[in-house]
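Below is one structure, written out as structure tokens, with a few remarks after it.
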Amino acid sequence: MAKALIIVDVQNDFCEGGSLAVAGGANLASEISEFLENAQDLDFVVATQDWHIDPGAHFSETPDFLNSWPMHCVAGSKGAALHRNLDTEDIDAYFRKGKFDAAYSGFDGLLAPEDEVAVGEREAHESVAEDGEAPISLDDWLRENDVEDVVIVGIATDHCVRATALDAINAGYNTTVLRDYVAGVDEDASEEALEELKDAGVEVK
């Protein structure tokens with residue numbers, strides 16, 4: 001059976017200079033690219049993107065940084081684009097989440113046409129379903145490709161990485177989070193999230 005790397009939300013708004021920057025985000029994008037260059041045992045690589053249109057109370061002018069946040073990763077904006085330090089050459093599929101809700105987990109994401117996914121300074125574009133076909137979720141895509149093992153990296157450890165890993169293990173995937181290839185909003189909360197993942201059966205290494 002196959003193994004897939006899930007790159008969670010390595011986007012401009014979550015890296016230095018973005019509206020909701022996580023310390024070390026840009027460097028993490030480079031480190032993930034180096035990891036990809038040297039990885040030998042991956043069958044697939046997928047990436048998720050926050051892709052907000054109207055996520056309700058998820059956006060706030062007075063955010064609490066727990067359940068509400070400054071505006072970020074607005075669909076079609078440069079902030080929603082993948083960071084330019086992330087090498088996308090080996091990414092097989094992209095999944096966008098959170099159009100009308102918070103959607104922390106990558107498993108809330110729907111498949112985006114590859115030619116519409118932007119990197120760096122280029123604009124990101126809205127995806128449109130073709131021929132009335134039902135959208136494909138991340139779980140659908142992984143199962144269609146016989147993936148049983150997932151390895152998770154990205155931003156942010158204490159939010160979207162955590163949610164993605166929990167959904168992965170609960171969906172029956174053998175799940176690993178690489179602690180050297182994630183970055184969190186809050187250091188203490190990130191460590192608590194990693195401990196929670198271990199308790200849930202996720203391998204953290």
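A quick note: this is a predicted structure, and the numbers were derived from the prediction, not measured. Residues take their numbers from the sequence shown, with the count starting at 1.
When side chains are defined from C-beta on, T88 counts as touching Y94, because their heavy atoms get closer than 4.5 Å. Inter-residue side-chain proximity for T175 and E203 is flagged as unmet; no heavy-atom pair is nearer than 4.5 Å. Under the 4.5 Å side-chain criterion, counting only non-hydrogen atoms from C-beta, D199 is not in contact with E196. Two residues are said to be in side-chain contact when any heavy atoms from C-beta on lie closer than 4.5 Å; L142 and F107 meet this criterion. Inter-residue side-chain proximity for H159 and F65 is flagged as unmet; no heavy-atom pair is nearer than 4.5 Å.
The backbone N or O of H58 sits nowhere less than 3.5 Å from a side-chain atom of S68 that would complete a donor-acceptor pair. Not a single donor-acceptor pair under 3.5 Å links the side chain of D13 to the backbone N or O of G18. Looking only at distances, no side-chain donor or acceptor of D158 sits under 3.5 Å from a matching main-chain atom of G184. Between the side chain of Q49 and the backbone N or O of R96 there is no donor-acceptor pair closer than 3.5 Å. Judged purely by atom type and a 3.5 angstrom limit, D43 has no side-chain atom pairing as donor or acceptor with the backbone of A4.
Atoms OG and CD, from S33 and E89 in turn, are 10.5 Å apart once rounded to the nearest 0.5 Å. Here the straight-line distance linking atom NZ of K198 with atom CZ of R179 works out to 5.5 Å at 0.5 Å rounding. Between R143 atom CZ and Y173 atom OH the span is 3.5 Å, to the nearest 0.5 Å. Atom OH of Y181 is separated from atom CG of L28 by 9.5 Å, given to the nearest 0.5 angstrom. Atom CD1 in I6 sits 12.5 Å away from atom SG in C160 (nearest 0.5 Å). Atom-to-atom distance recorded for I169:CD1 and T176:OG1 is 8.5 Å, nearest 0.5 angstrom.
In this structure, H72 and F59 have perpendicular ring planes: the angle between them is above 60°, well past the 30° mark.
Nearest heavy-atom pair, D9 versus I155, reported as atom, atom and distance to 0.1 Å: CB-O, 3.4 Å. Nearest heavy atom pair, residue V74 against residue S77, reads O-OG, 2.6 Å. Nearest heavy atom pair, residue L82 against residue N12, reads O-OD1, 3.9 Å. Across all non-hydrogen atoms, the minimal contact from G106 to T48 is CA-CG2, 3.8 Å. Contact detail for V185 and S190: the closest heavy-atom pair is N-OG, 4.2 Å. In terms of heavy-atom proximity, V150 sits nearest to A168 at CG2-CB, 3.9 Å.
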>> What verdict does the side-chain contact (heavy atoms from CB on, under 4.5 Å) test give for V147 and M1, after you've listed the backbone C-alpha separation in whole Å, the side-chain angles of each residue and the deciding distance to 0.1 Å?
In response: CA-CA 6 Å; V147 172; M1 293 296 178; over 6 Å; no
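Residue E144 places its CD atom among more than 12 non-hydrogen atoms of other residues, nucleotides or ligands, all under 6.0 Å distant. When the shell of 6.0 Å around CD of E187 is examined, it contains 12 or fewer heavy atoms from other residues, nucleotides or ligands. Counting non-hydrogen atoms of other residues, nucleotides and ligands closer than 6.0 Å to CD of E16 gives a total above 12.
In summary, the aromatic rings of W69 and H52 are positioned with their centroids too far apart to meet the 6.0 Å limit.
A side chain to side chain contact (heavy atoms under 4.5 Å, CB included) with I152 is found for one member of T164, V202, V204 and no other, namely T164. When each of D108, D50, D167 is tested with K97 by the rule salt bridge (Lys or Arg N to Asp or Glu O under 4.0 Å), just one qualifies, namely D50. Residue F35 is tested with I7, L42, D87 for a side chain to side chain contact (heavy atoms under 4.5 Å, CB included); the sole match is L42.
Note on Y104 and L110: separate hydrophobic clusters, where clusters join Ile, Leu, Val, Met, Phe, Trp and Tyr whose side-chain heavy atoms are under 4.5 Å apart, directly or indirectly. By the rule that hydrophobic residues join a cluster once side-chain heavy atoms approach within less than 4.5 Å of another member, L178 and V10 end up as members of one cluster.
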